[in-house]
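Structure, as structure tokens:
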Amino acid sequence: GRIENVHTIADGYSEIIEVITRDTSHIVGISAEDINIPDEILIVALVRNGVTHFLPQQVIISVNDVLLILAKKEAIRKVDRLLSMRPAYL
């Protein structure tokens, strides 16, 4: 995925991250509930074709979806790993 925007909130303790999913990301094709996400990271919304899905646990993530991710500041590296490329693209 590609990070589009990052907004620091809660006096710098958390961040809202806007991501556009790419076909190279290993999270494409699975639902949020099937991703092994640490407790300090939460996918709070998925936007697809102008429709916003809040807490999209059962929505299958597709290419070009916009994900809004809430993460504790110390978990940002984990968000980066979450968005990493599938091994086939490395």
Side-chain angles (χ1 to χ4, degrees):
R2 184 179 80 212
I3 294 175
E4 290 291 308
N5 290 296
V6 177
H7 300 280
T8 301
I9 60 172
D11 290 328
Y13 291 104
S14 298
E15 295 189 342
I16 295 282
I17 304 161
E18 178 185 4
V19 174
I20 296 178
T21 57
R22 298 287 176 227
D23 59 350
T24 57
S25 177
H26 76 274
I27 63 172
V28 168
I30 57 177
S31 65
E33 69 183 356
D34 291 329
I35 302 170
N36 185 16
I37 300 176
D39 289 338
E40 58 268 1
I41 299 171
L42 177 65
I43 298 175
V44 294
L46 179 149
V47 181
R48 178 184 297 150
N49 299 323
V51 177
T52 302
H53 304 271
F54 292 101
L55 299 174
Q57 299 308 303
Q58 297 178 347
V59 177
I60 303 296
I61 298 170
S62 298
V63 174
N64 293 322
D65 282 348
V66 176
L67 301 178
L68 297 179
I69 299 171
L70 174 63
K72 291 182 180 179
K73 185 111 176 145
E74 62 270 12
I76 298 306
R77 283 183 115 48
K78 293 177 183 177
V79 171
D80 194 39
R81 276 187 255 133
L82 178 69
L83 301 171
S84 66
M85 288 187 194
R86 286 184 263 171
Y89 288 94
L90 296 177

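- In this structure, the separation between CZ on R22 and CG on L83 is 11.5 Å, given to the nearest 0.5 Å.
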With a cut-off of 3.5 Å and sequence neighbours excluded, list every side-chain donor-acceptor pair involving residues 1-10.
unit_1 : atom_1 : unit_2 : atom_2 : d
R2     : NE     : E4     : OE2    : 2.4
R2     : NH2    : E4     : OE2    : 2.5
N5     : ND2    : E18    : OE1    : 2.6
T8     : OG1    : E15    : OE2    : 3.4

Which atom pairs, one a donor and one an acceptor, fall under 3.5 Å between side chains of residues 50-59 and the rest of the protein, sequence neighbours left out?
none

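- In terms of the side chain to side chain donor-acceptor pair (under 3.5 Å) criterion, residue partners of S62 (sequence neighbours excluded) are, by chain and number, R48.
- A search for salt bridge (charged side-chain N to carboxylate O under 4.0 Å, His left out) contacts involving E33 returns nothing, not counting sequence neighbours.
- With L46 as the partner, the side-chain contact (heavy atoms from CB on, under 4.5 Å) test is satisfied by one option alone out of T21, L68, D65: D65.
- When hydrophobic residues (I, L, V, M, F, W, Y) are linked wherever their side-chain heavy atoms come within less than 4.5 Å, the members clustered with V47 are I20, V66.
- I37 approaches A32 most closely through the heavy-atom pair CD1-O, 4.1 Å.
- Shown here for I60 and S31, the closest heavy-atom pair between the two residues is CD1-N, 3.8 Å.
- Atom CG of D34 and atom CD1 of I61 lie 9.5 Å apart (nearest 0.5 Å).
- Considering NZ of K78 and CG of N36, their distance stands at 10.5 Å, rounded to 0.5 Å.
- The CD1 atom of I27 sits 5.0 Å away from atom CG of L82, with the distance rounded to the nearest 0.5 Å.
- Considering only residues two or more places apart in sequence or on other chains, D80 meets the side chain to side chain donor-acceptor pair (under 3.5 Å) condition with none of them.
- When all heavy atoms of A75 and E40 are compared, the closest pair comes out as CB-CG, 3.1 Å.
- By the rule that hydrophobic residues join a cluster once side-chain heavy atoms approach within less than 4.5 Å of another member, I41 and L67 end up as members of one cluster.
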